[in-house]
There are 2 protein chains.
Amino acid sequence: MGRPEMSAEDNLLRLVEAEDGDENNYHLQDQVGFILRKAHQRHVSIFASHIGDLTPPQFAALAKLYDIGETSQNQLGTLIAMDAATVKGVIDRLKARGLVEVSKHEVDKRRLLVNLTPEGREAIERLIPLARAITEETLAPLTAKETATFLRLLAKLA
Amino acid sequence: MGRPEMSAEDNLLRLVEAEDGDENNYHLQDQVGFILRKAHQRHVSIFASHIGDLTPPQFAALAKLYDIGETSQNQLGTLIAMDAATVKGVIDRLKARGLVEVSKHEVDKRRLLVNLTPEGREAIERLIPLARAITEETLAPLTAKETATFLRLLAKLA
DNA sequence: CTGATATCATTTGCATACGAATGAATTTGA
DNA sequence: TCAAATTCATTCGTATGCAAATGATATCAG
């Protein structure tokens, strides 16, 4: 019995049984984008379980203002990786809660300066220890060595 | 700067602590959550540059349906990591474009079955090669060895 | 000096993403 | 068996996230 070519059944069997190589099948769950999205989801969930009254983007805005002090809304957006439309919404909500205040730039009238209020400063100082715990819990599945490797490689992709 | 002014004592404290790895300063840009968010943003941007008429979640839904065939909306959501409210919106939009069709489960009347249309099947078969290119471009900053390490560690976090 | 360009902020529209509440249908368990 | 619990889907509200268009202001080039 010769085997001049693979039958349709053989092809099906090969696809079903293949465990490595398997270059003809597309597995969503192995794609970096899909896993990245899930890892991000998990982190946001951990964040919410520790800090329920602030979102990660809101926290990022407060933390950066605490770090660098007053800056323009646009510059803040650049520093925390948000486009102009997104950062406006985040600042509007922080402003409504009295955690930041805005003022017009005296010289360049296009700019909107943003800064922490005393309440905002108090909030971020209180939350930073929780943020450390969030980072720790997010990275808990990795050993210390794996964490260092992971952060190094992740930074290369970001 | 965290404070409007800094005393000599504060500066001394900072210098002493700096020798110990600066553990009292919180740097947003070093936090895993922030970098994860940026890496995800970059991936979505790469995705959009290759596949302009479909979002990553929409692609995920089509790819999973192509992989497993007809399933319930809820089960599909579980497989592609979307809650019920989110998956409904995604399926509604794919349905409006004729890429999927829905039907009622004959036995369990709560379930909404979702399946690819011929157009949907054609679309996902056409797009999968592009998705491979997206994955490749996303991982381009890493060597092959780094990619393997990164995906292994990322999967542990997801 | 002035027209072209660039920057900053806002607005609109669309698409995730998720908590919470609701209703319909099914399954469980005493 | 039948009331309680669970599951599936939908809806509502809130919050990113980004593209595109717009208006105000600032900068640049000739």
Side-chain angles (χ1 to χ4, degrees), chain A residues 33-34 36-49 51-62 71-97 99-100 102-114, chain B residues 33-34 36-49 51-62 71-97 99-100 102-114:
Chain A
F34 183 71
L36 218 39
R37 175 168 150 271
K38 287 210 297 176
H40 181 246
Q41 282 177 350
R42 172 171 168 271
H43 167 75
V44 172
S45 171
I46 291 170
F47 187 100
S49 74
I51 300 179
D53 62 341
L54 221 55
T55 65
Q58 289 167 2
F59 175 86
L62 294 184
T71 187
S72 74
Q73 189 172 278
N74 192 275
Q75 173 67 7
L76 179 62
T78 299
L79 293 171
I80 59 181
M82 284 176 215
D83 71 9
T86 300
V87 77
K88 183 190 189 306
V90 172
I91 293 305
D92 279 352
R93 285 180 283 277
L94 291 175
K95 188 173 52 179
R97 293 175 53 177
L99 299 176
V100 304
V102 303
S103 58
K104 290 182 180 174
H105 193 288
E106 288 301 318
V107 177
D108 187 339
K109 294 177 182 173
R110 295 169 305 179
R111 297 189 198 176
L112 190 67
L113 294 175
V114 187
Chain B
F34 183 72
L36 217 38
R37 175 168 151 273
K38 287 211 300 177
H40 182 246
Q41 281 177 352
R42 173 170 168 272
H43 167 75
V44 171
S45 171
I46 290 170
F47 187 101
S49 73
I51 299 179
D53 62 343
L54 222 53
T55 65
Q58 288 167 1
F59 175 86
L62 294 184
T71 189
S72 74
Q73 189 173 277
N74 192 275
Q75 173 66 8
L76 179 62
T78 299
L79 294 170
I80 60 181
M82 284 177 215
D83 72 9
T86 301
V87 77
K88 186 191 188 305
V90 172
I91 293 304
D92 279 353
R93 284 179 284 276
L94 291 174
K95 188 172 52 179
R97 293 175 53 177
L99 299 176
V100 305
V102 303
S103 57
K104 291 181 180 173
H105 192 287
E106 288 300 320
V107 177
D108 188 340
K109 294 177 183 173
R110 295 170 304 180
R111 297 190 198 173
L112 190 66
L113 294 174
V114 187

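Numbered from 1 within each chain, the chains take letters A, B, ... in sequence-line order.
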Heavy atoms under 4.0 Å, any strand shown: does B:V107 hit a base, just sugar-phosphate, or nothing?
sugar-phosphate
Checking all strands, does A:V90 fall into the base, sugar-phosphate, or nothing category for heavy-atom contacts under 4.0 angstrom?
sugar-phosphate
Rounded off to whole Å, could you give me the [atom1]-to-[atom2] distance for the [X] and [N] pair?
X: B:F47; N: D:dG17; atom1: CZ; atom2: C1'; answer: 16 Å
X: B:R93; N: C:dT16; atom1: CZ; atom2: C1'; answer: 7 Å
X: B:K38; N: D:dG17; atom1: NZ; atom2: P; answer: 13 Å
X: A:L94; N: D:dA15; atom1: CG; atom2: C1'; answer: 12 Å
X: B:M82; N: C:dA15; atom1: CE; atom2: C1'; answer: 11 Å
X: B:I91; N: C:dT16; atom1: CD1; atom2: C1'; answer: 13 Å
X: B:D53; N: C:dC14; atom1: CG; atom2: C1'; answer: 15 Å
X: A:D83; N: C:dT10; atom1: CG; atom2: C1'; answer: 12 Å

Derivation of the side chain to side chain contact (heavy atoms under 4.5 Å, CB included) call for A:I91 and A:L76:
CA-CA 10 Å; A:I91 293 305; A:L76 179 62; 3.7 Å; yes
Dump the intermediate steps for side chain to side chain contact (heavy atoms under 4.5 Å, CB included) on B:L54 and B:L94, then the final yes or no.
CA-CA 9 Å; B:L54 222 53; B:L94 291 174; 4.3 Å; yes
Do you know which of B:R111, B:H105, B:K104 makes side-chain contact (heavy atoms from CB on, under 4.5 Å) with B:V107?
B:H105
Residue whose closest nucleotide on DNA chain D lies nearer the 5' end, A:K109 versus A:Q58:
A:Q58
Nearest heavy atom decides the nucleotide; on that basis, is A:E106 or A:H40 closer to the 5' end of DNA chain D?
A:H40
Phosphate-side-chain proximity, B:T55 and C:dA15, N/O vs OP1/OP2 below 4.0 Å:
no
OP1 or OP2 of C:dT16 versus the side-chain N and O atoms of A:Q41: is any pair under 4.0 Å?
no
For B:P56, does its backbone N or O pair with a side-chain atom of A:R37 as donor and acceptor, under 3.5 Å?
no
Do any N or O atoms of the protein come closer than 3.5 Å to N or O atoms of nucleotides 9-11 of chain D, and which pairs are they?
from, atom 1, to, atom 2, distance (Å)
D:dA9, OP1, B:L112, N, 2.4
D:dA9, OP1, B:L112, O, 3.3
D:dA9, OP2, B:N74, N, 2.5
D:dT10, OP2, B:Q73, NE2, 2.8

Does anything in residues 80-90 of chain A form a salt bridge (Lys or Arg N to Asp or Glu O under 4.0 Å)? List the pairs, not counting sequence neighbours.
A:K88-A:D92
Taking the six-membered ring for Trp, are B:H40 and A:H40 parallel (under 30°), tilted (30 to 60°) or perpendicular (over 60°)?
parallel
Check A:L36 against B:H43 and note the closest heavy-atom contact, atom names and distance.
CD2-CB, 4.2 Å
Please tell me which of A:D108 and A:R37 maps to the more 5' nucleotide of DNA chain C, matching each residue to the nucleotide holding its nearest heavy atom.
A:D108
